[in-house]
Amino acid sequence: MTKQPGKQRVLVIGPTGMLGKPVAQQLKADGFNVRLLARDPNKARRLLGDGYEIIQGDVEDAAALRSALSGVDGVHISLKGGPSAADFDRMDHLATRNIALAASEQGVGRVTLLSAYAVSAEKADTPESWSKFKGEAALKASGVPYTIFRASWFMESLPLFVQGKSMSLIGKQVHPLHWIAAEDYARMVSKSYQTEAALNKELYIFGPQAYTMKAAMQTYCDIAAPDVKISPISTKMLSVMGTLTFNTEWKSMAVLMTHYENWGEDGSPDEADRLLGAPKVPLREWCARNRG
Ligand SMILES: NC(=O)c1ccc[n+]([C@@H]2O[C@H](COP(=O)([O-])OP(=O)(O)OC[C@H]3O[C@@H](n4cnc5c(N)ncnc54)[C@H](OP(=O)(O)O)[C@@H]3O)[C@@H](O)[C@H]2O)c1
């Protein structure tokens, strides 16, 4: 039997992140007792406000992790690795594995993990996708009940491609993608804590409509940032520029976008939509709410 939200304490790891924060907020709004593991508690307080229990610590500090896990019913992982291959391995794989093992040892009821679509042995063609694949596998092997959210591209990523008046369209991104609003995803994560049926599943989290990356960027520019123009750049050119300027972020981005040139969405969102309620926020509405 799943406990009522008010009786469940959920730890969010990565609560100051773009995608961890809305989950922490939604869990709190739904009545859960929410604990945050934050490297910088002041930052967490500034971003999230009052009403959270905050444990200061780094996820790689075993003692901090043990104390953050003590007495919780669930843990949500929203970490980000990179840009180096070693950093992807440290966060997406090893940190996930260590959290899952510690959670299993401490008898935590469930671990939920933000992953991505196109994470499989066949598609593990980049340090990030390989690390995410190993992290997912370690979570499943740990014995703790889990839910893995294999999300599509978040609408919140769109502004991250803007620099000044230019929005970089990197590579030939031909695949249709179901862009998802973080608020829809956060509602689905919170709902997963309210149903046993979401346990031990990989759920595909896809937004209500499909747009290619170029079409999504054009929609964003038209509605939210009319002064911004799309600037296409090939993955090869970005990689060369990254090498010449010693910019590891650009090199890593070129690798990431080559992965997404190769692989479109896989899996079906039907089970997630049925169990957790289908995402509702259309891209145009999200853009209108995020002008400027
Ligand atoms: N963008 C998309 O469309 C998309 C789609 C699917 C999946 N994802 C995945 O979503 C995940 C989260 O992305 P995001 O954009 O939310 O990342 P983010 O904004 O960089 O957030 C990462 C979070 O992890 C925390 N963190 C990092 N290292 C830590 C450590 N050693 N100990 C404790 N906390 C640590 C950060 O805390 P600090 O504040 O201390 O830095 C921050 O709260 C990524 O793995 C990404 O690949 C993204």
Side-chain angles (χ1 to χ4, degrees), residues 11-25 35-48 52 54-65 67-69 75-84 86-96 98-99 112-119 126-136 139 148-161 173 177-182 184-186 188-189 202-207 211 213 216-217 220 249 252-253 255-257 259-260 263 265-267 279 283 286:
L11 170 69
V12 178
I13 299 184
T16 50
M18 182 175 87
L19 302 170
K21 178 182 157 193
V23 170
Q25 289 173 317
R35 181 183 286 174
L36 314 175
L37 177 67
R39 292 190 285 195
D40 178 349
N42 288 330
K43 178 178 177 184
R45 235 170 264 122
R46 204 170 54 245
L47 286 173
L48 285 134
Y52 299 89
I54 303 179
I55 305 268
Q56 197 274 326
D58 190 298
V59 76
E60 294 183 290
D61 173 348
L65 183 58
S67 115
L69 285 169
V75 187
H76 178 67
I77 308 174
S78 192
L79 290 165
K80 185 171 179 167
S84 72
D87 275 344
F88 279 121
D89 197 52
R90 279 178 43 235
M91 286 297 118
D92 286 308
H93 169 215
L94 298 175
T96 302
N98 293 344
I99 296 164
T112 55
L113 170 70
L114 174 56
S115 184
Y117 72 89
V119 169
T126 64
E128 182 173 12
S129 54
W130 177 229
S131 302
K132 278 186 163 40
F133 173 68
K134 286 190 291 180
E136 283 193 9
L139 172 56
I148 294 169
F149 298 99
R150 291 196 176 147
S152 188
W153 278 84
F154 282 88
M155 295 174 190
E156 281 71 11
S157 306
L158 286 165
L160 306 180
F161 289 95
Q173 303 298 337
L177 304 165
H178 288 83
W179 297 77
I180 171 101
D184 271 329
Y185 154 73
M188 294 170 88
V189 175
E202 296 92 47
L203 297 174
Y204 287 86
I205 307 297
F206 292 173
Y211 291 76
M213 189 160 284
M217 287 184 168
Y220 178 76
E249 293 277 354
S252 174
M253 183 56 88
V255 171
L256 176 80
M257 299 312 285
H259 174 77
Y260 287 112
W263 309 110
E265 287 174 350
D266 50 7
L283 181 62
W286 185 90

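When a ligand or atom number is given, it counts from 1 through the structure's own listing order.
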Exercise for review: Not counting sequence neighbours, which residues clear ring pair (Phe, Tyr, Trp, His ring centres under 6.0 Å) with W179? List them please.
Suggested key: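 Applying ring pair (Phe, Tyr, Trp, His ring centres under 6.0 Å) to W179 gives W153.
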
Point to revise | H93: partners by ring pair (Phe, Tyr, Trp, His ring centres under 6.0 Å), with sequence neighbours left out | key: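 Testing H93 for ring pair (Phe, Tyr, Trp, His ring centres under 6.0 Å), a comparison that skips the adjacent residues, returns none.
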
Practice item. For E202, check side chain to side chain donor-acceptor pair (under 3.5 Å) against everything at least two apart and list the hits. Key: K140, Y146

Point to revise | Backbone of A118 reached by a side-chain donor or acceptor of D266 within 3.5 Å | key: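 Checking the backbone N and O of A118 against the side chain of D266, a donor-acceptor pair under 3.5 Å is found.
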
Practice item. Quickly, which of D89, L256, V255 forms a side chain to side chain contact (heavy atoms under 4.5 Å, CB included) with P127? Name it, please. Key: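 So, applying the side chain to side chain contact (heavy atoms under 4.5 Å, CB included) to P127 and each of D89, L256, V255, only V255 qualifies.
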
**Study point:** Residues in the immediate environment of ligand 1 (any heavy atom closer than 4.0 angstrom)
**Key:**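 Under the 4.0 Å cut-off, ligand 1 touches G14, P15, T16, G17, M18, L19, R39, K43, D58, V59, S78, L79, K80, M91, D92, L114, S115, A116, E128, K132, A151, S152, W153, F154, S157.
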
Point to revise | Value rounded to 0.5 Å, distance of OH in Y117 from CH2 in W263 | key: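 It comes to 12.0 Å.
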
